[in-house]
Amino acid sequence: MTVRTRFAPSPTGFLHIGGARTALFSWAYAKKHHGQFILRIEDTDVERSTPEAVQAILDGMHWLGLDYDEGPYYQMQRMDIYKKVIQSMLDHGTAYYCYCSKEELEALRESQMQQGLKPRYDGKWRPEAGKTLPAIPQDIPPVVRFKNPQTGVVAWGDLVKGRIEIANAELDDLIIARADGTPTYNFCVVVDDWEMGITQVIRGDDHVNNTPRQINMLQALGATVPQYAHLSMILGDDGQKLSKRHGAVSVMQYHEDGYIPEAVLNYLARLGWSHGDAEIFTMQQFCEWFDLDHITPSAAQFNTEKLNWLNAHYIKEANIDVLADDIASRLKKLDVVAQAQPKLQDVLALYRERANNLNQLARDVAYFYTLPQVSAEDVAKHITPEIMPAVQSLSQNLAQINWSAEAIHEAINAVVTQYQLKFPKVAMPLRVMLTGIAQSPSIDQVMALLGQKEALSRIQNYIR
RNA sequence: GUCCCCAUCGUCUAGAGGCCUAGGACACCUCCCUUUCACGGAGGCGACCGGGGUUCGAAUCCCCGUGGGGACGCCA
């Protein structure tokens, strides 16, 4: 049987880091087994679903390069299928109408909680041999409930957590269609996973508790039960649960914050999954290596520092033209236009070795295209009156030479010797004059890229 | 409250009874490289939640604690 996995987000917000990892693992599993990966939008909560959220999810997946073979399917467009199944379950007696009002259910829940019991539907309208059902109230539109088995256990071999077993007595008859006739989540999932021929359901472990209900429905429908793999959650950098209020951000925020998608992908792949000592790998390798039995069942804490380390790696590895495009657009946000000279690719070749963030990289190279902001502190510390004669003399020499890093280096060495100084004594003030700060790559290389005219002009500003 | 899940360095993890005086990676520290800051290189620090079993032998298996998390909606 060919493998078919799916990612089934509900469009009530952006694609966050946990969702992205779930999608990544489902995607990789399908790729590994030459199967299909399906995207399904679970938008049956009309109140909270928005088209913007759908777009945000699509954008996030696109940025990460998680392409799908089928979909996106929208559950709201599949109502006919669900209604047909509900009718057939009603016909077969595996589902029934319940006329309890919301208030009645609420009261039931409360009293059970007070008695220290697990809140559950009491089966008031559940048809049973020899049982007389109450009189049907006229003013209450009924919901449809699934007739869950009351004895025995539901068990499955979870691909991540191992065997999980839950007594049917713990479960109640869940609502599969609301009073207005629309189907509910657990039911739609069952129908879709069945109808779409999903073979492995890979999802967050907050769904473990839904699984036994879904299996029971699948069995009532006579459907093949897929395999389940429940991924543990991702905690924030501080070990706390991610929530809207606390640290949960869109994957697109990582783009915004200067991360390269390869780094995010590699990082996410290693969160909860491992392949021996492998830390850095391509998505192609990941798809070859990926399997469900090397996933940790315990929750993982997000670590930005390790992401930064991977980001540095992928910035070094990136295609220089792609990198230049990205940095050019980030420069634009800083109101800096990357001119033709010096070529941004050349500048980045010099700078990317030291960067671990794209925004930082953009800020670092901005001075090639705009006058740097110099701090008074750096000026006071490095551009001292004592050094000015040497700088002045160097400036005159530089005007004479053939502009190249080697020649610049020689020129600096010459004044260093002439004035009996150490190299940094001259290099540091140059850095500040040219780049605005006291840290930069080799000053001769920086100057070579900046160009003779521009370099000399910036030095002149300090000579009076 | 009830049910379910989880538990190795600060963090991500390797580990499927002897290969473990517990390995790798990030972070941290030291040194080297050096034209500053980085990069890079070499070292270092640092963990099996506790208690009982089982076994010749347990990080690995079992039980009990403890701690953490999740689920209990006409939300998904």
Side-chain angles (χ1 to χ4, degrees), chain A residues 8-12 42-45 47-49 75 98 100-102 105-106 109 112-120 141-145 158 160-162 164-167 169-172 174-186 188-189 204-212 230 232-233 235 237 239 241 267 270-280 293-294 296-310 312 316 351-356 364 382 409 412-413 416 422-428 430-432 435 437-445:
Chain A
S10 60
T12 55
E42 311 217 319
D43 54 356
T44 54
D45 184 354
E47 307 275 298
R48 296 196 303 152
S49 297
Q75 289 186 324
C98 166
C100 289
S101 66
K102 286 187 184 183
L105 261 14
E106 189 62 38
R109 240 195 307 278
Q112 287 170 327
M113 286 287 250
Q114 266 173 7
Q115 294 172 61
L117 297 170
K118 186 170 179 168
R120 278 195 293 242
V143 297
V144 179
R145 285 185 186 271
D158 196 278
V160 172
K161 294 177 187 287
I164 299 179
E165 181 182 291
I166 288 159
E170 290 297 327
L171 275 21
D172 65 357
L174 75 156
I175 292 170
I176 61 176
R178 303 179 179 95
D180 65 4
T182 58
T184 59
Y185 166 76
N186 273 108
C188 295
V189 168
D205 82 3
D206 46 333
H207 289 290
V208 166
N209 297 274
N210 291 325
T211 307
H230 288 100
S232 58
M233 57 186 300
L235 272 20
D237 237 330
K241 187 194 170 185
Y267 179 72
R270 273 293 283 105
L271 247 201
W273 174 85
S274 61
H275 181 75
D277 289 341
E279 292 289 349
I280 292 177
D293 45 279
H294 278 87
T296 332
S298 55
Q301 190 171 319
F302 195 89
N303 185 225
T304 305
E305 283 173 335
K306 188 160 180 184
L307 207 211
N308 288 341
W309 171 70
L310 283 165
K316 283 178 209 161
Y351 258 93
R352 67 151 129 189
E353 289 294 321
R354 51 209 296 117
N356 69 1
D364 285 347
H382 299 290
H409 194 227
I412 297 174
N413 264 339
V416 162
K422 296 273 190 203
F423 198 102
K425 261 295 183 201
V426 179
M428 294 308 283
L430 287 175
R431 280 198 173 86
V432 175
T435 75
I437 55 170
Q439 297 83 38
S440 81
S442 281
I443 193 61
D444 43 18
Q445 290 188 284

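A note on names: the letters A, B, ... follow the listed sequences, proteins ahead of strands, and every chain is numbered from 1.
Listed for the A:Asp158 side chain is a donor-acceptor partner under 3.5 Å among the backbone atoms of A:His230. The backbone N or O of A:Val143 sits nowhere less than 3.5 Å from a side-chain atom of A:Arg178 that would complete a donor-acceptor pair. One N or O on the side chain of A:Thr184 and one on the backbone of A:Ile175 form a donor-acceptor pair closer than 3.5 Å.
With sequence neighbours excluded, the residues that form a side-chain hydrogen bond (donor to acceptor under 3.5 Å, both in side chains) with A:Glu165 are A:Arg163. The side-chain hydrogen bond (donor to acceptor under 3.5 Å, both in side chains) check on A:Asn308 picks up A:Tyr259, with sequence neighbours excluded. Listed by chain and residue number, nothing satisfies the side-chain hydrogen bond (donor to acceptor under 3.5 Å, both in side chains) test with A:Asn356 (two or more places apart in sequence, or in another chain).
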Please determine whether side-chain hydrogen bond (donor to acceptor under 3.5 Å, both in side chains) holds for the pair A:Thr435 and A:Arg431, giving the CA-CA distance in whole Å, both sets of side-chain angles, and the decisive distance to 0.1 Å.
CA-CA 5 Å; A:Thr435 75; A:Arg431 280 198 173 86; over 6 Å; no
A:Leu307 vs A:Phe302, side-chain contact (heavy atoms from CB on, under 4.5 Å): CA-CA, chis, key distance, verdict:
CA-CA 9 Å; A:Leu307 207 211; A:Phe302 195 89; 4.0 Å; yes
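Among the heavy atoms of the strands, none lies under 4.0 Å from A:Ser49. A:His294 comes within 4.0 angstrom of the backbone, heavy atoms only, and of no base. Within 4.0 Å of A:Ile443, counting heavy atoms only, lies at least one base atom of the nucleic acid. Using a 4.0 Å heavy-atom cutoff across all strands shown, A:Gly272 reaches sugar-phosphate atoms only and no base atom. At the heavy-atom level, A:His409 lies under 4.0 Å from base atoms of the strands shown. Note on A:Lys316: only backbone sugar-phosphate atoms sit closer than 4.0 angstrom, heavy atoms only; bases stay farther off.
Of the C1' atoms belonging to B:G10 and B:G70, the separation is 25 Å, rounded to the nearest Å. Using C1' as the reference atom, B:A14 and B:U60 are 13 Å apart when rounded to the nearest Å. B:C61 and B:U54 have their C1' atoms separated by 8 Å, with the value rounded to a whole Å. On the P atoms, B:G23 is 11 Å away from B:A47, given to the nearest whole Å. Look at the P atom in both B:U30 and B:A38: the space between them is 12 Å, to the nearest Å. Comparing B:G44 with B:C26, their C1' atoms are spaced 16 Å from each other, to the whole Å. Spacing of P atoms, B:C28 relative to B:C20, comes out at 29 Å, to the nearest Å. Across the C1' atoms, B:U11 and B:U55 are found 35 Å apart, a figure rounded to whole Å.
Using the Watson-Crick or G-U wobble rule with both distances under 3.5 Å, B:A7 pairs with B:U66. Nucleotide B:A38 forms a pair with no other nucleotide shown, judged by Watson-Crick or G-U wobble geometry with both contacts under 3.5 Å. Within the shown strands, nothing qualifies as a pairing partner of B:C33 under the Watson-Crick or G-U definition with both distances less than 3.5 Å. When both pairing distances are held under 3.5 Å, B:A14 makes no Watson-Crick or G-U pair with any nucleotide shown. Across all strands shown, B:G46 remains unpaired; no Watson-Crick or G-U wobble contact has both distances below 3.5 Å. B:G57 is unpaired under the Watson-Crick or G-U wobble criterion, no partner having all donor-acceptor distances under 3.5 Å.
In terms of heavy atoms, A:Val208 sits closest to A:Lys161 at CG2-CE, 4.4 Å.
Atom CD1 of A:Ile437 is separated from atom P of B:U36 by 15 Å (rounded to the nearest Å). To the nearest angstrom, C1' of B:U35 lies 13 Å from CD of A:Gln439. The CG atom of A:Leu171 sits 13 Å away from the C1' atom of B:U2 (whole-angstrom rounding). A straight line from CG of A:Asn308 to C1' of B:C12 spans 14 Å, rounded to a whole angstrom. With rounding to whole Å, A:Ile280 atom CD1 is found 14 Å from B:C12 atom C1'.
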For every nucleotide of nucleotides 19-27 of chain B, 5' to 3': is a protein heavy atom under 4.0 Å from its base (B), only from its sugar-phosphate (S), or from neither (-)?
----BBBSS
Once base and sugar-phosphate atoms are separated, protein heavy atoms under 4.0 Å mark nucleotides 66-76 of chain B, 5' to 3', with B, S and - as ---SBSBSBBB
Do nucleotides 59-65 of chain B as a string where each nucleotide becomes B, S or -: B if the base has a protein heavy atom under 4.0 Å, S if just the sugar-phosphate does, - if no protein is that close.
-------
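Comparing A:Ser442 and A:Ser298 by the nucleotide of RNA chain B that holds the closest heavy atom to each, the one mapping nearer the 5' end is A:Ser298. Take the nearest nucleotide of RNA chain B for A:Pro297 and for A:Ala300: the residue whose nucleotide is more 5' is A:Pro297.
Within 90° of 0 lies the glycosidic angle of B:C39, which makes this nucleotide syn.
Here the CD-CE distance, from A:Gln301 to A:Met233, works out to 11.5 Å after rounding to the nearest 0.5 Å. Atom CZ of residue A:Arg270 and atom CG of residue A:Leu310 lie 9.5 Å apart, to the nearest 0.5 angstrom. How far CG of A:Leu235 is from NZ of A:Lys241: 10.0 Å, rounded to the nearest 0.5 Å.
Ring geometry for A:His409 against A:Phe423 counts as tilted: the plane angle lies between 30° and 60°, on a 0 to 90° scale.
For the side chain to side chain donor-acceptor pair (under 3.5 Å) with A:His207, the qualifying choice from A:Asp205, A:Asn210, A:Asn209 is A:Asn210, the only one to do so.
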